[in-house]
Amino acid sequence: MLIFIILLVVVVVIFAVKDIRLNLISRPTFKMFKKVLPPLSQTEREAMEAGDVWWDGELFSGNPDWQKLHRFPKPELSDKENAFMANQVETLLAMLDDYQIVQKDKDLPKEVWDYLKTEGFFALIIPEKFGGREFSAIANSTIVSKISTKSLTAAVTVMVPNSLGPGELLLHYGTKEQQDRWLPSLANGTDVPCFALTGPEAGSDAGSIPDSGVVCMGEHNGEQVMGLRLNWSKRYITLAPVATVLGLAFKMYDPDALLGDKKELGITCALIPTDHPGVETGERHYPLNMAFMNGTTYGKDVFIPLDWIIGGQECAGRGWRMLVECLSAGRGISLPALSAATGHLASKMTSAYAMVRQQFGVSIGQFEGVQEALARIGGLTYTLESCRLMTAGAIDLKLSPSVVTAIAKYHMTEMGRMVMNDAMDIHSGKGIQVGPNNYLAHGYMGIPVSITVEGANILTRNLMIFGQGATRCHPFVLKEMEAAAMEDDDAALEQFDGLLMNHIIFAASNAGMAFVHGLTRSCFAKAPVGGETAVYYKQLSRMSRGLAICTDVAMLMLGGELKRKEMISARLGDVLSHLYLASTVLKRYEDEGRQQADLPFVKYAIENSLFEIGQAFNGFFKNFSNPVVNFILKRIVFPLGNHYHRPSDEIAQSICERMTQPGVFRNRLTHLCYVDENAGTGVMENAFLAMHDMQAQFKDLKQWQRKGSVPTTLNIEGAINYALENKLLEQTDADAMHHANKLRKKAIAVDNFQPGEL
């Protein structure tokens, strides 16, 4: 006891007496910190500093404030946005024949292009004073989602001008003259925009773009002015073949010091009319049979005046930061909207098909193998819609949460892929026969496009989510990095000392509480609500503690090497991501009034996220380089073992029961799915409703066959007629059953083509 007391006093003195602490703790740690600090390129630094920390910061804190989550405004459409959905969007959807667009014309009809322009579909984000719609992010997202359930080509065509493009860049950074010049013509459709960033040699590594702009004197409108001599080659540019105005990213150089003493100014963005001399556009790509316009743009020795730089001359070299901040729209609105639409469409149509399609004399939805896949579709669709709502809601708070939008982009597109694969598996032969009535095929083809664009998914998961999150969202790391970069060593050490002490307390607290919650299964943790979801708040808080302590240890042990240990860092990023996804589910459940019918979907979504968190931690512990530290961390986070599991069969079956019952809940789950009475979606839904209405009568028919009252050798039509003739059925029921069966046969049919027709 005496030895323990002496040691305790020594520790207290070391940490309490500042001079001793500086010499024994802070100064050596500071030197080590500067040594292991990962080197950051200029583009990495700008990306790190861009955007806002939002709920992701709470999840990294180890102690999320769940009341704060509940206080975020519920994302809702305004009256004018609802009116646009009910009128313009519905009118557009009725105009679209996606089979004709994709398989035959390879383009939208002229009347659709005209309607999109005149009705402001390209001006959703442009303020009303410039002639735009000035809609919210949630409206933008909802419109794109709804269109996507009918035509991915039309949805992409609408989403691009309203995400990363000249319109958004002009709104945030454009000069008044540029806004007055371009925004009205973009709003009324006179101009169609595209934005060129990706090139043959620079995709994910945008900082290495070879495209250049050299400051020089040149002729413009008959006068000698200072400007840029541009050379570029870009590909994969959506709307490039039809664009009238080109947003261009390039590296800007000033070799003759015409603007100052800085010869390399960095990435810059400019706005150029496509009819400007030297601009070449129009060579078209064909991305996986999708008909949206995508292609190339080139320019050789193209001279433009300096005031064509977005934001004017003072924004020269600021292009990368501008792009990173504005990429949040694509990652946080457009691509999540497409992924959520996949869920809405797949849930509505697959639940209907599972009931309508029969094998071995029963609906395939009664087979547990099908139920497992259908439950996954329903559970992930609930997650997708939850994440779409909350992420777009963050952007409506005038935030640019770069980590959150990267999470949404990666995980929602991957979940969309899983949902579509399950839908295709259940539809089987009907899913793979392309034709006017196949509502899945084009979405299936288009999934890899979402996976690829706005930052390829492998890059997003392995570098962006945790790479940015670990520094931006951590309460101390970024501040410690800033202290380490200070030129005044004494001032830097003074600032670092205070941060380090708080950091040590933070880490010790998280380690201690993670261990205690692990031993008690979080029984004594606080939850902001009662009922069946309370346990999920407790478990997520516990995993937040685990993430915080594992992040601190990984950064301490690996330092700059962590940047290259992508498999390790990606697993910690997965933990953060699923904490966020589960948060969005809880937020939606509360916002929508804790609907009892939603509870199986909530349970499925969160238990699935907790399972994925457990798997990510398992991978982290198994592959962490130091076995002693690995052992300690594992016992801190999971002292009694990792007991997270996939959602139970009981939850899955409860989901399937709700999905295959027509009514309010199923309509809420799939409310963005457009059902076209003249196309495959309408055929399937009508068959589903008709078969459900006669479900009891068909059940009786099966029982009569089992008892021998109706011969089992008869097909359905024959069995109905036999039952009618033998007074087992009334005429009205027999007629309704024949009608339902006729619709059923039409729904399960696939498209056929005459020889030579294709």
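If you read the sequence from its start, that first residue is 1, and numbering goes on from there.
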Under 3.5 Å, sequence neighbours excluded: what are the donor-acceptor pairs made by side chains of residues 710-718?
unit_1	atom_1	unit_2	atom_2	d
N715	OD1	E717	N	3.3
N715	OD1	G718	N	2.7
E717	OE2	N741	ND2	3.1
E717	OE2	K745	NZ	3.0

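- Cation-pi check for R133 over F84 is not met; the charged atom does not lie both under 6.0 angstrom from the ring centroid and within 45 degrees of its normal.
- For S648 (side chain) and I651 (main-chain N/O), a donor-acceptor pair under 3.5 Å exists by modelled atom type.
- In this structure, K74 does not pair ionically with E590, as no charged nitrogen and carboxylate oxygen lie closer than 4.0 Å.
- Between the side chain of K150 and the backbone N or O of L93 there is at least one donor-acceptor pair closer than 3.5 Å.
- No donor-acceptor pair under 3.5 Å is formed between the side chain of H578 and the backbone N or O of E612.
- Within 6.0 Å of the OH atom in Y444, the count of heavy atoms belonging to other residues, nucleotides or ligands does not exceed 12.
- In this structure, L124 CG and E81 CD are separated by 9.5 Å, a value rounded to the nearest 0.5 Å.
- At distances below 3.5 Å, at least one donor-acceptor pair connects side-chain atoms of Q539 with backbone N or O atoms of R521.
- Aromatic ring pairs are classed by plane angle as parallel below 30°, tilted from 30° to 60° and perpendicular above 60°; the pair H344 and H671 is perpendicular.
- No side-chain heavy atom of D422 sits under 4.5 Å from any side-chain heavy atom of L380.
- The environment of E757 atom CD is dense: over 12 non-hydrogen atoms of other residues, nucleotides or ligands sit within 6.0 angstrom.
- The two residues S163 and S334 have their closest heavy-atom pair at CB-OG, 3.4 Å.
- Taking the six-membered ring for Trp and thresholds of 30 and 60 degrees, F360 and F367 have ring planes more than 60 degrees apart, a perpendicular arrangement.
- At least one side-chain heavy atom of D598 sits less than 4.5 Å from a side-chain heavy atom of F665.
- Looking at R666 and E685, a side-chain N of the basic residue comes within less than 4.0 Å of a carboxylate O on the acidic one, giving a salt bridge.
- Counting non-hydrogen atoms of neighbouring residues, nucleotides and ligands closer than 6.0 angstrom, the NZ atom of K746 reaches no more than 12 such neighbours.
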Apply side-chain contact (heavy atoms from CB on, under 4.5 Å) to the pair V529 and R594, showing each step before the final yes or no.
CA-CA 11 Å; V529 299; R594 300 168 67 87; 3.8 Å; yes
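- Residues W704 and Y722 form no side-chain contact, since every pair of their non-hydrogen atoms from C-beta on lies 4.5 Å or further apart.
- Annotation for E730: atom CD does not count as buried by contact number, only 12 or fewer foreign heavy atoms lying within 6.0 Å.
- Between the S351 side chain and the S347 main chain, a donor and an acceptor come within less than 3.5 Å of each other.
- A distance-only check finds a donor-acceptor pair linking the side chain of N438 to the backbone of L440 [under 3.5 Å].
- A donor-acceptor pair under 3.5 Å is formed between the side chain of T342 and the backbone N or O of L338.
- Within the cation-pi definition used here (under 6.0 Å to the ring centroid, within 45° of the axis), R646 does not qualify as a partner of Y604.
- Around the CD atom of E650, the shell of radius 6.0 Å holds no more than 12 heavy atoms that belong to other residues, nucleotides or ligands.
- Side-chain contact between M293 and T157 is absent, with no heavy-atom pair separated by less than 4.5 Å.
- Contact annotation: the side chain of P161 approaches that of L239 to within less than 4.5 Å [non-hydrogen atoms, C-beta and beyond].
- Atom CE of M691 sits about 9.5 Å away from atom CG of L743, to the nearest 0.5 Å.
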Worked check of side-chain contact (heavy atoms from CB on, under 4.5 Å) between M290 and V156
CA-CA 10 Å; M290 292 295 100; V156 171; over 6 Å; no
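- A donor-acceptor pair under 3.5 Å links the side-chain atoms of K106 to the main chain of Q103, judged by distance alone.
- In terms of modelled atom types and a separation under 3.5 Å, the side chain of S363 and the main chain of M355 share a donor-acceptor contact.
- At least one side-chain heavy atom of H427 sits less than 4.5 Å from a side-chain heavy atom of T350.
- Atoms CG and CG, from L152 and L288 in turn, are 10.5 Å apart once rounded to the nearest 0.5 Å.
- Side chain of N140 to main chain of S136: no donor-acceptor pair is present (N/O by atom type, distance under 3.5 Å, no hydrogens or angles).
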How far apart are the C-alpha atoms of I143 and F135, what are their side-chain angles, what is the distance that settles it, and do they pass the side-chain contact (heavy atoms from CB on, under 4.5 Å) test?
CA-CA 10 Å; I143 290 165; F135 282 172; 3.8 Å; yes
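- A ring pair (Phe, Tyr, Trp, His ring centres under 6.0 Å) with W66 is found for one member of F72, Y536, W55 and no other, namely W55.
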Could you please spell out the steps behind the side-chain contact (heavy atoms from CB on, under 4.5 Å) verdict for M684 and K348?
CA-CA 9 Å; M684 183 59 68; K348 198 172 196 77; over 6 Å; no
Stepwise salt bridge (charged side-chain N to carboxylate O under 4.0 Å, His left out) test for E592 and R588:
CA-CA 6 Å; E592 295 183 354; R588 178 186 176 190; 3.2 Å; yes
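- In this structure, Y589 has its ring center no closer than 6.0 Å to that of Y382.
- Side-chain contact between Y353 and I748 is present, with heavy atoms from C-beta onward closer than 4.5 Å.
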